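Structure, as structure tokens:
Only a predicted model underlies this, so the values are computations on that prediction, with no experimental measurement involved. Naming: A, B, ... by sequence-line order, numbering from 1 per chain.
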There are 2 protein chains.
Amino acid sequence: MNAEKIPDIIIGRLPIYLRALQRMAERGVQVTSSKELGEQVDISAAQIRKDISQFGEFGKQGMGYNVAFLIEKLREILKVDRVWDVVVVGAGDIGHAVARYQGFTDRGFRIVAIFDNDPEKIGKKAGNFVIQDVAHMGEYIRREGIKIAMIAVPASAAQEVANELVEAGVKAILNYAPINISVPEGVHVQYIDPVTHLQRMTYYL
Amino acid sequence: MNAEKIPDIIIGRLPIYLRALQRMAERGVQVTSSKELGEQVDISAAQIRKDISQFGEFGKQGMGYNVAFLIEKLREILKVDRVWDVVVVGAGDIGHAVARYQGFTDRGFRIVAIFDNDPEKIGKKAGNFVIQDVAHMGEYIRREGIKIAMIAVPASAAQEVANELVEAGVKAILNYAPINISVPEGVHVQYIDPVTHLQRMTYYL
DNA sequence: GTGACTTTTGTACAATTGTGTACAATGCCC
DNA sequence: GGGCATTGTACACAATTGTACAAAAGTCAC
């Protein structure tokens, strides 16, 4: 394993490889090649070989990669060979959809709580979770040692929520609010905004 | 305006700039600088100046950029100075959340229909829309000249749905299913998968 | 009204980062 | 043991980002 710093752009591609490999595994595929994987994810075979070889020699020349083995290695590298507890802030449409989404568990994540500040919503259910008062969020995060949160509140409240999350010890935030938030060094943020993705495509239409 | 081909990576940043500018405009800010905008979106001022200057000289030296003017120009460039009709395929949790989301209209998009193949769901409502039979989708898309669709069906059905969409004339697809889909040259796909975003962050935890 | 001062753009050029090409090395198959 | 497939990587090339500064445009003091 090459101990030098790995570029983030490579880290960003690993989940894509992992996702494709897991689908192959479901289909019963036991061995694949950089060529085959590349066709699935629309990335050049050379790129894939180079990315993977950053972390070790996981393939066999002439033979390709053992799918189960590569999945295992990628899960270790990405630290999803465990289950991370995640809290959701905001119980609107997005919060509800996230709370009910079944696709997290087998990919390394588990929603454990959902918070809102609306007295109308607190105590009601979202998926299998009782919506809790956001006033108790910091305490909950500290007590449970939560490191990951999703923000699903209106843009106007997102920065404030982010501050509280960071204050309580969260290190990774997935932000559904359509606004950039600022966080201290060492805290990671990823954004999901369908509109920015759509706008990126209309340029070409 | 520089007529040469603009790199996609620049196009990808424009919606981020636009989003931040629109928030400034809401706050009543009339003029900004590449420095200020850069701080908001966490991109260097030089990068922003260079990106924007690809399309024209929209700033004034010493003065910065007029916010309303730059918004107008970015909307033209991204072709969101109009409203695009969008269809949603899949009326599960994600489809419902998307159908009810209020954030599309003022950013260039309008959901016009939602389709599913489940007889239990067809005829019921999702947001303000009656869920339609996916069997009528191609006809609808052709009749209305729809160019943009969102896929919110299970991974196992995503490729088939994509094929139908492309066949009917769709040129831009936002895919919520956690799987890569392949489309012909000239059709654009963007992906939204919260898990890949989360996995990209756990590497650093 | 003029000139010195400040700010900030747009861009040339340099440096860095990322991708593609090509091939020696390896390992299976027959 | 020859043939074939495919990895891992050296090297070349391309794309992206950062640095630095001349040019422009406003402000202000007098």
Exercise. Could you check how far CD1 of A/I52 sits from C1' of D/dT6, rounded to whole Å?
Key: 13 Å

Practice problem: Tell me which of A/A46 and A/P7 sits closer to the 5' end of DNA chain C, going by the nucleotide each one is nearest to. | Solution: A/P7

Practice problem: Measure from the side-chain N and O atoms of A/Y191 to the backbone N and O of A/I179, and report whether any donor-acceptor pair falls under 3.5 Å. | Solution: no

Quiz item: Picking from D/dT17, D/dG8, C/dT8, which would you name as closest to the side chain of B/I9?
Solution: D/dT17

Quiz item: Is the shortest side-chain N/O distance from B/S44 to OP1 or OP2 of D/dG18 below 4.0 Å?
Solution: yes

Exercise. Output yes when at least one side-chain N/O atom of A/Y65 is less than 4.0 Å from OP1 or OP2 of D/dA5, else no.
Key: no

Quiz item: In whole Å, what is the span from the NZ atom of B/K60 to the C1' atom of D/dT27?
Solution: 15 Å

Quiz item: What is the distance from NZ of B/K73 to P of C/dT9, rounded to the nearest Å?
Solution: 18 Å

Quiz item: Whole-Å distance between C/dT19 P and A/I43 CD1?
Solution: 9 Å

Quiz item: Between A/K35 (NZ) and C/dA22 (P), how many Å, whole number?
Solution: 17 Å

Quiz item: Looking at the side chain of A/K50, which of C/dT21, D/dA24, D/dT17 is the nearest nucleotide?
Solution: C/dT21

Quiz item: Does A/Q61 make a side-chain donor-acceptor contact with the base of D/dT7, cut-off 3.5 Å?
Solution: yes

Self-check item: Atom-to-atom span, CD of B/Q47 to P of C/dT17 - whole angstrom
Solution: 14 Å

Exercise. Rounded to the nearest angstrom, tell me the gap between atom CZ in B/F55 and atom C1' in C/dT11.
Key: 16 Å

Exercise. For A/M63 and for A/R49, locate the closest nucleotide of DNA chain C by heavy-atom distance; then report the residue assigned to the nucleotide nearer the 5' terminus.
Key: A/R49

Quiz item: Does the gap between the ring centers of B/F104 and B/Y101 come in under 6.0 Å?
Solution: yes

Quiz item: Can a donor-acceptor pair be found between the side chains of B/R49 and B/S34 at a distance below 3.5 Å?
Solution: yes

Exercise. May I ask you to check whether B/F115 and B/Y140 place their ring centers less than 6.0 Å from one another?
Key: yes

Quiz item: Between A/Q54 (CD) and D/dT7 (C1'), how many Å, whole number?
Solution: 14 Å

Quiz item: Does any donor atom in the side chain of B/N163 or B/Q159 lie under 3.5 Å from an acceptor atom in the other side chain?
Solution: yes

